[in-house]
Chemist: 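There's a structure below that I have some questions on.
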Number of protein chains: 2
Amino acid sequence: MTVWDRPEPPARPVPLDRERIVAAAVALADEGGLEAVSLRKVAARLEAGPMRLYGYIAVKEELLDLMVDEVYAEILPEERAGDWRAALGGLAHRTRRAALRHPWLADLLGGRPALGPNGLAVTEATLAALDGLADVDTVMRAVETVSAYFTGAIRREVAELRAERVSGLSKREWQRASGPHVTAMLATGRFPALARAVHDGADGDPEVSFTTGLDWVLDAVATRLTRASP
Amino acid sequence: MTVWDRPEPPARPVPLDRERIVAAAVALADEGGLEAVSLRKVAARLEAGPMRLYGYIAVKEELLDLMVDEVYAEILPEERAGDWRAALGGLAHRTRRAALRHPWLADLLGGRPALGPNGLAVTEATLAALDGLADVDTVMRAVETVSAYFTGAIRREVAELRAERVSGLSKREWQRASGPHVTAMLATGRFPALARAVHDGADGDPEVSFTTGLDWVLDAVATRLTRASP
DNA sequence: CGTTCGCCAATACAGTGTATCGGCATGAGA
DNA sequence: TCTCATGCCGATACACTGTATTGGCGAACG
């Protein structure tokens, strides 16, 4: 028996806490997507048995919630935003960038209420930025409408990004890209408007698409906020 | 050995096709959510072995795509919509109602491009309703912005609905509802705006919330469409 | 009638989330 | 200091997942 095959002494267990667990899970997800996050792998990364985690979380779902809340820390505004428009727009852009850094976030976004401390802090900051501009219900509607927009937009962007990755081509080359299936469909002539859109549409910078749509929504919010100032 | 424990003769295999498979999967998901959809259970419902399904689908993901496309059939407009606003608004509402009938749809919405025949048909109908109102890119932007809104809004609504179901209470009773955790958080005083919103906000009909936000977004689209008529 | 081919079911495998149990190390009590 | 209790950690176990592989059987064909 050499030093090579003598097993490591079981290495006095490193103390664990939620932070380290969540960090490991996030790292795993960043590397291999959400499906790479299993309790066993998270535990292994911390040199612990899978069951150790159950001292800190009750079910796996809870770990996912914690991961989301961890990322909400990156979304928190550093300083008090200028006006409401900057606040909502900044929130949207920070969320988008966070989702581009952590694509798995798109799978979880809006999937369940963000009730963790950072999630709450983000909502708090957002509401505070709109406070007093209109009655409570209008403010809520404004925040929810903008959130709905950027949640949906981010999801689609990430989804398309993944689809492009597997086919290796841009949306412009969609037809050839996503296999012969869609090409055949378009060739049937049953989707003339869609075919024209695919043919004539320029696929610009996703960021400007996002920003443009966001501006539209913010404009809509603006008219309602100014109209109903309390 | 009685008639009771004599096993059924293996029952000459019922012929299978994608439609029957997808229908079974949708039924399963309607009853028990997405997590109740396993290849084994789908196959069992069709009195077949799990491996039979691989004659019709390549991977499970494909089955999920087919399920989504199946529901898109319910979203297809029956008749040519009146104006563009009716088209987009109708699409939003039909999608929402479909998601309320099939809550698992919310988990999948926007998760990947809807490239099935019904999904394409829905996009086609939508684009056709906006055709000629502006240049192609503006029309695309309009459709995508509205879609982003209602996708996000539907996801949040279903998510809240589920959260309410597990706690048995309405969003108004959020604090007491979602366990002591959120209550404690709000009680810390670190979230004054949020606390006020929860306290003062009326939680109205989700449908009117949805419709109100939708109207805002449609208004925004309206100004861009009329401004940039080709 | 004999052979081959294609399909279906059974088996197998690696991996999942989680419940349960056994042992060990530590702290309390005598 | 010795004994006992306690709490925690790892191993084991279980039911279940998606999917690859294999074996056998019925039907089509020479």
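In the text below, chain A, chain B and the rest are named by the order of the sequence lines, each starting its count at 1.
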Chemist: Residues in side chain to side chain contact (heavy atoms under 4.5 Å, CB included) with A/Thr145, at least two apart?
Modeler: A/Arg141, A/Val217, B/Tyr149, B/Trp216, B/Val217

Chemist: With sequence neighbours excluded, give me every ring pair (Phe, Tyr, Trp, His ring centres under 6.0 Å) pair touching residues 36-78 of chain A.
Modeler: none

Chemist: Between atom CG in B/Leu53 and atom C1' in C/dC7, what is the gap in whole Å?
Modeler: 14 Å

Chemist: Nearest whole Å is fine: how far is C/dC8 C1' from B/Tyr56 OH?
Modeler: 10 Å

Chemist: Does a side-chain N or O of B/Arg52 approach OP1 or OP2 of C/dA9 to a distance below 4.0 Å, or not?
Modeler: yes

Chemist: Rounded to whole Å, how long is the line connecting atom CG of A/Leu63 with atom P of C/dT16?
Modeler: 14 Å

Chemist: Starting from P on C/dT18, measure out to CD on A/Glu62 and report it in whole angstrom.
Modeler: 10 Å

Chemist: Between atom CE in B/Met51 and atom P in D/dG24, what is the gap in whole Å?
Modeler: 19 Å

Chemist: Among residues two or more places apart or on two chains, list those pairs meeting ring pair (Phe, Tyr, Trp, His ring centres under 6.0 Å) that have a residue in residues 96-127 of chain A.
Modeler: A/His102-A/Trp104

Chemist: Between B/Arg18 and B/Glu62, is the closest basic N to carboxylate O distance under 4.0 Å?
Modeler: yes

Chemist: Quick one: bend of the helix from C/dC1-D/dG30 to C/dA30-D/dT1 from 5 pairs per end, to 10°?
Modeler: 20°

Chemist: Can you check the A/Ile57 CD1 to C/dA19 C1' distance for me, whole Å?
Modeler: 15 Å

Chemist: List, with names and distances, any nitrogen or oxygen atoms from the protein found under 3.5 Å away from nitrogen or oxygen atoms belonging to nucleotides 16-18 of chain D.
Modeler:
{"residue": "D/dT17", "atom": "OP1", "partner": "B/Ser38", "partner atom": "OG", "Å": "3.0"}
{"residue": "D/dG18", "atom": "OP1", "partner": "B/Leu39", "partner atom": "N", "Å": "3.4"}
{"residue": "D/dG18", "atom": "OP1", "partner": "B/Lys60", "partner atom": "NZ", "Å": "2.9"}
{"residue": "D/dG18", "atom": "OP2", "partner": "B/Leu39", "partner atom": "N", "Å": "3.0"}
{"residue": "D/dG18", "atom": "N7", "partner": "B/Arg40", "partner atom": "NH1", "Å": "2.5"}
{"residue": "D/dG18", "atom": "O6", "partner": "B/Arg40", "partner atom": "NH2", "Å": "2.9"}

Chemist: Return the set of residues passing side-chain hydrogen bond (donor to acceptor under 3.5 Å, both in side chains) with A/Arg40 (not counting sequence neighbours), or none when no residue passes.
Modeler: none

Chemist: Check whether any side-chain N or O of B/Lys60 sits under 3.5 Å from a backbone N or O of B/Val37 as a donor-acceptor pair, and report yes or no.
Modeler: yes

Chemist: When the distance from CD of B/Glu47 to P of C/dA10 is rounded to whole Å, what number comes out?
Modeler: 13 Å

Chemist: If you look only at pairs with a residue in residues 109-121 of chain B, which of them pass as a salt bridge (charged side-chain N to carboxylate O under 4.0 Å, His left out), with sequence neighbours excluded?
Modeler: B/Glu61-B/Arg112, B/Asp65-B/Arg112

Chemist: Taking only residues two or more places apart in sequence, or in another chain, which ones meet B/Arg196 in a side-chain hydrogen bond (donor to acceptor under 3.5 Å, both in side chains)?
Modeler: A/Asp131

Chemist: Per the salt bridge (charged side-chain N to carboxylate O under 4.0 Å, His left out) rule, what does the pair list look like for residues 92-110 of chain A, sequence neighbours excluded?
Modeler: A/Glu74-A/Arg101, A/Arg96-A/Glu157, A/Arg96-A/Glu207, A/Asp107-A/Arg162

